[in-house]
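Data block below; observations after.
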Amino acid sequence: MNIKMQKLLPISAAAMLFATMATSAVADQVVKIGHVAPLTGQIAHLGKDNENGARLAVEEINKKGLTIGGQKITLELDAQDDAADPRQATQVAQKLVDDKVVAVVGHLNSGTSIPASKIYSDAGIVQISPSATNPQYTLQGFKTTFRVVATDAQQGPALANYAADQLKLKKVAVVDDATAYGQGLANEFEKKAKALGMTVLSHDATNDKATDFRAILTKIKGENPDAIMYGGMDATGGPFAKQARQLGIKAKILAGDGVCTDQLATLAGDATENVVCSEAGRSLEKMGKAGEEFQAKFKARFGVPIQIYAPFTYDAVYIIVDAMKRVQSTDPAKILAAMPSTDYKGVIGETTFDAHGDLKHGVISLYHYKDGKKTLLNEVAM
């Protein structure tokens, strides 16, 4: 080897090292997707369920490998806790904007999704809620708000229709937890119930931290309703149903997706036998093979069964990535521009959005409880 070649070798080695480092830098580009749900408080089990669904999708996509615009991408789930509190929701929304997420899956509650949506709208970041059902969420004129569930304008009437047509109920009392979700659902139910000729005996409000409902229930017992519609979450809906039974109230308890969880059997005990509830999306049973496979993957990864909306957060992540692929970009503005033309077939079925960001073809699933197990009654296409 001559001296000239010996001098060139270190230069060549340095060049190769530089090229390798540059390639590695390109390969390691991290793209953040935000997720927000209550991870503390009474409904933390539902929040963790949502987060786990999104996390499973991120892990799968990273394992398969993702390349956008010729660039290898590693997704990172930026998971935040809003504690189901509207004020905390806006704080973590701003944190996600500051963290430069390209899109957000969340929030779980309508009462947190709605105030947070202004922050994301101002930043031009896509927000896909997997579980917020209050119609107002997508009716604010924001181009950034989307959801992958039906709304309370569909869920409330579905419950009222079932109560009137199938259960042949005539008189109902209504109670809500004074949140955007609980109140909105209860109001939509009441409106439809009256339109169907049912008598609404009373409409009372409690709160989402309540544990003792005996005063309201004692009053309602004197009204002798055929059913009580409760707008709220399982953490309060369970004790509500349990105390109604303890007071000897035989009326059916009707409730929405916030109550309609496997956890309700633990919270309400034998009183679940009197509960009919709805979910604002397709049931796992109706998701077919895709639902079975998702359930198996979820259980294997996290060691717990699905509560409600984990399949919806899972698909929401894939919908965001589908938009990235279609525009070959991770630019939030370009992802947003691609969202209205979404046509994604996933675990929850086909997702296409209307002009407001709502599903074009919403589905409501109705359930009751047999031997403490949530059991599908019917599916209603909206």
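Computed from heavy atoms alone, side chains included, the values below leave out hydrogens, waters and symmetry copies.
Not one N or O on the side chain of Asp176 forms a donor-acceptor pair closer than 3.5 Å with the backbone of Ala186. At least one donor-acceptor pair closer than 3.5 Å links the side chain of Arg326 to the backbone N or O of Ala338. Put simply, the side chain of Gln166 never gets that close to the backbone of Ala163: no donor and acceptor are under 3.5 Å apart. Using a distance-only test at 3.5 Å, with no hydrogens or angles considered, no donor-acceptor pair links the side chain of Asp257 to the main chain of Cys260.
Inspection of the Ser278 and Gln155 side chains reveals an N or O donor paired with an N or O acceptor under 3.5 Å. Judged purely by distance below 3.5 Å, without hydrogens or angles, the side chains of Glu379 and Ser283 never pair a donor atom with an acceptor atom. If you check the side chains of Thr313 and Glu51, you find no donor sitting under 3.5 Å from an acceptor. Judged purely by distance below 3.5 Å, without hydrogens or angles, the side chains of Gln154 and Asp152 never pair a donor atom with an acceptor atom.
Using a 4.5 Å cut-off on side-chain heavy atoms (C-beta onward), Pro157 and Glu188 make contact. Looking at Pro225 and Ile220, their side chains come closer than 4.5 Å, going by heavy atoms from C-beta outward. Counting heavy atoms from C-beta on, the side chains of His356 and Leu139 come closer than 4.5 Å. In this structure, the side chains of Lys170 and Met198 stay at 4.5 Å or more apart for every pair of heavy atoms.
In summary, of the residues considered (Leu167, Asn161, Leu169), a side chain to side chain contact (heavy atoms under 4.5 Å, CB included) with Asp165 occurs for Asn161 alone. Under the side chain to side chain contact (heavy atoms under 4.5 Å, CB included) test applied with Val175, the options Thr236, Ile253, Ile216 reduce to a single match, Ile216. None of Ile348, Val347, Ile128 except one satisfies the side chain to side chain contact (heavy atoms under 4.5 Å, CB included) rule with Phe312; the exception is Ile348. Considering Thr138, Thr145, Thr151 as possible partners of Asp358, the one that fulfils the side-chain hydrogen bond (donor to acceptor under 3.5 Å, both in side chains) test is Thr138.
Atom NZ of Lys219 sits in a crowded spot, with more than 12 heavy atoms from other residues, nucleotides or ligands closer than 6.0 Å. For Asp98, the CG atom is densely surrounded, since the number of other residues' heavy atoms within 6.0 Å is greater than 12. Atom NZ of Lys289 has 12 or fewer heavy atoms from other residues, nucleotides or ligands within 6.0 Å. The 12-atom threshold is not exceeded at NZ of Lys334, counting heavy atoms of other residues, nucleotides or ligands nearer than 6.0 Å.
A distance of 8.0 Å separates OG1 of Thr375 from CD of Glu285, quoted to the nearest 0.5 Å. Within the model, atoms CD1 of Ile335 and OG1 of Thr144 stand 13.0 Å from one another, a figure rounded to the nearest 0.5 Å.
Cluster annotation: Tyr137 and Tyr181 are assigned to distinct hydrophobic clusters (Ile/Leu/Val/Met/Phe/Trp/Tyr, side-chain heavy-atom contacts under 4.5 Å, transitive).
Between Glu60 and Lys63 no salt bridge is recorded (no basic side-chain N to carboxylate O distance below 4.0 Å). Of the charged side-chain nitrogens involved, at least one lies within less than 4.0 Å of a carboxylate oxygen, so that Glu350 and Lys345 count as a salt-bridged pair. We find that Lys194 and Glu190 are joined by a salt bridge, their nearest charged nitrogen and carboxylate oxygen being less than 4.0 Å apart. For Glu59 and Arg301, the salt-bridge test passes: some basic side-chain N is under 4.0 Å from an acidic carboxylate O. Salt bridge annotation for Arg214-Asp212: present, with a cationic side-chain nitrogen under 4.0 angstrom from a carboxylate oxygen.
Cation-pi geometry between Lys374 and Tyr367 is satisfied (NZ or CZ under 6.0 Å from the ring centre, within 45° of the ring normal).
Using bins of under 30°, 30° to 60° and over 60° for the plane-to-plane angle, the ring pair Tyr344/Tyr318 lands in the parallel bin.
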Do Gln80 and Asp82 pass the side-chain hydrogen bond (donor to acceptor under 3.5 Å, both in side chains) test, and can you show the C-alpha distance, the side-chain angles, and the key distance before you say yes or no? CA-CA 7 Å; Gln80 300 292 332; Asp82 66 13; over 6 Å; no
Tell me, with the steps shown, if Tyr314 and Lys297 meet side-chain hydrogen bond (donor to acceptor under 3.5 Å, both in side chains). CA-CA 12 Å; Tyr314 175 87; Lys297 288 188 295 188; 3.0 Å; yes
Thr179/Asp177 under side-chain hydrogen bond (donor to acceptor under 3.5 Å, both in side chains): CA gap, chis, key distance, verdict: CA-CA 6 Å; Thr179 66; Asp177 68 355; 2.7 Å; yes
Please assess Asn274 against His368 for the test side-chain hydrogen bond (donor to acceptor under 3.5 Å, both in side chains), listing each intermediate value before the final yes or no. CA-CA 8 Å; Asn274 219 26; His368 65 161; over 6 Å; no
